[in-house]
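Read the structure below first, then the notes.
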Amino acid sequence: MLSIITPHYNDLEGLKRVYACLEEQTDAAWEWVVVDDCSDTDVRVELKAYFTTLAERRIKYVLNTKKSNASVCRNLGAEKATSQHLVFLDSDDLITKNFVANRCIEFKDFTVFKHTAVLNVNGTEEILKSINEGYLNYFLQARFIWPITAILWRKDFFIAIGQFHPKLPRLQDVELAIRALQHSANYQVIDNPVDFYYRVKPIRERKNFVQPVCEAVYLFISEFLDTTMLDKYQLKLLTGYYYLCTKYLERSGDTQKVSFVQKNLKLFYKKRYLGFYSYLMGFGLLQLYRYKLISGTLFLKLNRRLFKP
């Protein structure tokens, strides 16, 4: 049995697409746990009616008691799941008909299905480059090699390491993947046919993303990352998260958001993940960009050279 957990907020059409994928599965040994995060009243009414019409015993519909976030909903879904085998699938993503069958395997803590495809807004499919080793180091330098659906979890292990962190506004799956890699030697990464599609929007089309990303990086670096298990080389890789902030700032085109990135620059210097010279260079670039004395392209190019591992 595979428990598929989907957090939901005002996306009934997305849920319908997911269910259409579940109906086509070659292996019927699945349950679907949908956790609604206080959707609008009319959406909840329609959603309840939809599930009632389906009369599908394999669906569990859970109502969150108060508005939270996707991480809280995923954790709640995991607690309600019947199976020891968990997968997290968002309502805007898609799976192929062999998705469940491919996950009917024996494993210990978690298994990664490393071959992933992305669907862009225009429907174009892109197969992401797979990585064969050094997984933790990739995540530590802010290179996100596994989307959330790539990981098949054993429920006991997922709960034992603390589940998704409920306070992170972004990077929840990244933080969890790092924690899992730090605390397990009993995982496997397997070659797999692409059987799920992760939908993404271009950064420039997203709204109000600089602040939550910068806040997530600040919390992650200052509080949640267990650095006692990292060596000096791995600590140096963390500047990739500062570069990530500058990338989102440039993509937004909003120079008024410089202060959020600058706060993280100070944090990385305080933590000694970068030296005084790098700090001064980073600070100077932020001021030049704030007052539009350099282009966004040059700003990002120089930050890439300075801070991207």
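Bear in mind that the values here come from a model prediction, so they are computed numbers and not experimental data.
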Partner residues of Asp27 under the side chain to side chain donor-acceptor pair (under 3.5 Å) criterion, sequence neighbours left out:
none

Report yes or no: is the cationic atom of Arg154 (NZ for Lys, CZ for Arg) under 6.0 Å from the centre of the six-membered ring of Phe158, at an angle within 45° of the ring normal?
no

Once side chain to side chain donor-acceptor pair (under 3.5 Å) is applied, do any residues pair with Asn102, and if so which ones, sequence neighbours excluded?
Asp195

Hey, what's the ring geometry for Tyr19 with Trp30, parallel, tilted or perpendicular (30° and 60° as the breaks)?
perpendicular

Just verifying a value: how many Å separate Cys214 SG and Tyr218 OH, rounded to the nearest 0.5 Å?
12.0 Å

Indicate, with yes or no, if the rings of Tyr138 and Phe144 have centres closer together than 6.0 Å.
no

Looking at Glu13 and Arg17, does any basic side-chain N land under 4.0 Å from a carboxylate oxygen?
no

Test: Glu250 and Lys247 ion pair at under 4.0 Å
no

Could you list the donor-acceptor pairs under 3.5 angstrom formed between side-chain atoms of residues 271-285 and any protein atom two or more places apart in sequence or on another chain?
none

Qualifying residue for ring pair (Phe, Tyr, Trp, His ring centres under 6.0 Å) with Trp146, from Phe113, Tyr187, Tyr135:
Tyr135

Can you give each donor-acceptor pair under 3.5 Å made by side-chain atoms of residues 3-10, sequence neighbours left out, with the distance rounded to 0.1 Å?
from  : atom 1 : to    : atom 2 : distance (Å)
Ser3  : OG     : Glu31 : OE2    : 2.5
Ser3  : OG     : Ser83 : N      : 3.2
Thr6  : OG1    : Trp32 : NE1    : 2.9
Thr6  : OG1    : Leu89 : O      : 2.8
His8  : ND1    : Asp36 : OD1    : 2.7
His8  : ND1    : Ser39 : OG     : 3.4
His8  : NE2    : Asp11 : N      : 2.8
Asn10 : OD1    : Asp40 : N      : 2.9
Asn10 : ND2    : Asp40 : OD2    : 3.2

Table please: side-chain donor-acceptor pairs of residues 233-243 below 3.5 Å, with sequence neighbours left out.
from   : atom 1 : to     : atom 2 : distance (Å)
Gln234 : OE1    : Asp231 : N      : 3.0
Gln234 : NE2    : Asn137 : OD1    : 2.9
Thr239 : OG1    : Lys236 : O      : 3.3
Thr239 : OG1    : Phe307 : O      : 2.8
Tyr241 : OH     : Phe139 : O      : 2.5
Tyr243 : OH     : Arg304 : NE     : 3.2
Tyr243 : OH     : Arg304 : NH2    : 3.4

Please answer whether the main-chain N or O of Ala28 pairs with a side-chain N or O of Arg58 as donor and acceptor at a distance below 3.5 Å.
yes

Hey, mind stepping through Phe220 and His165 against ring-ring contact (aromatic ring centres under 6.0 Å, His included) and telling me if it holds?
CA-CA 10 Å; Phe220 172 61; His165 203 294; over 10 Å; no

Under the side chain to side chain donor-acceptor pair (under 3.5 Å) test, residues paired with Asp109 that sit two or more places apart:
Ser184

Sidechain-backbone polar pair: Thr111 side chain, Phe107 backbone, donor-acceptor under 3.5 Å:
no

With distance as the sole test, does Gln182 use its side chain to make a donor-acceptor pair with the main-chain N or O of Thr227 at under 3.5 Å?
no

Identify whether the distance between the nearest side-chain nitrogen and carboxylate oxygen of Lys67 and Asp37 falls below 4.0 Å.
yes

